[in-house]
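Below is one structure, written out as structure tokens, with a few remarks after it.
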Amino acid sequence: MHDTVDPDFASFVDARQGRWLRTAYLVYGDLHRAEELLLRAFTQLSVRWTRVDDPDAFVQRQLYQPALRPWNRAKPFPDEEDPVKLALAELTPAQRTVFVLLHLEELTEFEVSELLGLSHTAVHAHGMSAFGRFRTAMGAGDWRDAR
């Protein structure tokens with residue numbers, strides 16, 4: 001067991017933890033859960049640090065794939081009044097995860113597909129339905145009606 005932390009690993013964590021915590025909070029709608037999952041992902045990475053080819057992808061998979069599991073049905077953003085968070089709470093967990101990764105993290109549909117282990121078609125469908133539901137929840141109406 002190491003007595004010190006690898007400086008490259010420490011720099012990696014320091015550079016990314018804020019952004020990923022914000023993203024995970026929007027995906028899960030619960031800061032405590034987001035912190036717990038990010039800590040777990042970084043812990044798992046620390047054990048494999050020298051053997052992982054793409055540490056960013058490794059952490060993101062560990063962080064966001066649990067959002068798609070059936071047991072992840074807790075109501076997001078309880079006691080929240082922010083209209084954006086309330087609109088996100090209207091989405092299913094899969095829709096919210098895809099929406100946040102596409103629009104906040106600015107990943108492509110193919111990158112989200114690879115990250116979440118979903119087909120490109122599933123990511124596209126979740127993204128489109130999430131976008132429509134989000135716009136409606138924000139009071140913008142259904143974008144398909146604007147012709």
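Heavy-atom basis, side chains included; hydrogens, waters and symmetry copies ignored.
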> What closest approach, in Å, do Leu102 and Gly127 show between heavy atoms, and which atom pair accounts for it?
Replying inline: CD1-CA, 4.1 Å
>> Please report the interatomic distance CZ(Arg40) to CD(Glu35), rounded to the nearest 0.5 Å.
In response: 13.5 Å
>> Tell me the closest heavy-atom pair linking Pro78 and Gly29, and the distance in Å.
In response: CD-O, 3.8 Å
>> Can you confirm whether Pro93 sits close enough to Tyr28 that some side-chain heavy atom of one is under 4.5 Å from a side-chain heavy atom of the other?
In response: no
> Within the side chain of Glu105, is there an N or O that forms a donor-acceptor pair under 3.5 Å with the backbone of Val100?
Replying inline: no
> Taking it one step at a time, do Phe12 and Leu45 satisfy side-chain contact (heavy atoms from CB on, under 4.5 Å)?
Replying inline: CA-CA 11 Å; Phe12 175 85; Leu45 177 62; 3.4 Å; yes
> Should Asp56 and Trp20 count as side-chain neighbours, where that means a heavy-atom distance under 4.5 Å?
Replying inline: yes
> Hey, mind stepping through Leu101 and Thr23 against side-chain contact (heavy atoms from CB on, under 4.5 Å) and telling me if it holds?
Replying inline: CA-CA 8 Å; Leu101 292 177; Thr23 304; 4.2 Å; yes
>> Using the side chain to side chain contact (heavy atoms under 4.5 Å, CB included) definition, which of the options Leu91, Val98, Val112 pairs with His126?
In response: Val98
> From Leu31 CG over to Leu21 CG, what is the distance, rounded to the nearest 0.5 angstrom?
Replying inline: 5.5 Å
> How far apart are the closest heavy atoms of Glu106 and Glu111, and which atoms are they?
Replying inline: O-OE1, 4.5 Å
> Side chain of Arg48, backbone of Gln44: donor and acceptor closer than 3.5 Å?
Replying inline: yes
> If you measure from CD on Gln60 to CG on Leu116, what distance do you get to the nearest 0.5 Å?
Replying inline: 9.5 Å
>> Any non-hydrogen side-chain atom of Leu38 less than 4.5 Å from a side-chain atom of Gln17?
In response: yes
>> Can you confirm whether more than 12 heavy atoms, excluding those of Glu114, are under 6.0 Å from its CD atom?
In response: no
> Atom NE2 in His124, atom CD in Glu109: separation rounded to 0.5 Å?
Replying inline: 5.5 Å
> Within the side chain of Ser113, is there an N or O that forms a donor-acceptor pair under 3.5 Å with the backbone of Leu118?
Replying inline: yes
> Donor-acceptor pair, Ser46 side chain versus Thr43 backbone, under 3.5 Å?
Replying inline: yes
> So, do Phe58 and Phe42 have ring centers that fall under 6.0 Å from each other?
Replying inline: no
>> Quick check on side chain to side chain contact (heavy atoms under 4.5 Å, CB included): which of Leu26, Val84, Asp82, Asp30 does Phe77 satisfy it with?
In response: Leu26
> In terms of the angle between their ring planes, are His103 and Phe99 parallel, tilted or perpendicular, with boundaries placed at 30° and 60°?
Replying inline: tilted
>> Distance check, rounded to the nearest 0.5 Å: Leu63 atom CG versus Arg16 atom CZ?
In response: 13.5 Å
>> Restricting to non-hydrogen atoms, name the atom on Ala87 and the atom on Met138 that form the minimum distance, rounded to 0.1 Å.
In response: CB-SD, 3.7 Å
>> One thing to verify: whether Glu90 and Arg96 come together as a salt bridge, which I'm taking to mean a side-chain N less than 4.0 angstrom from a carboxylate O.
In response: no
> Quick check: does any side chain N or O of Ser129 sit under 3.5 Å from a backbone N or O of Ala125, one acting as donor and the other as acceptor?
Replying inline: yes
>> Testing the 3.5 Å rule here: is there a donor-acceptor pair between the side chains of Gln95 and Arg133?
In response: yes
> How far does OG1 of Thr136 sit from CZ of Phe131, to the nearest 0.5 angstrom?
Replying inline: 10.0 Å
> Hey, is the main chain of Thr97 close enough, under 3.5 Å, to the side chain of Tyr64 for a donor-acceptor pair?
Replying inline: no
> Linking I/L/V/M/F/W/Y whenever any side-chain heavy atoms sit under 4.5 Å apart, do Val123 and Leu104 land together?
Replying inline: yes
> Out of curiosity, does Val52 fall in the hydrophobic cluster containing Trp49 (side-chain heavy atoms, cut-off under 4.5 Å, transitive links)?
Replying inline: yes
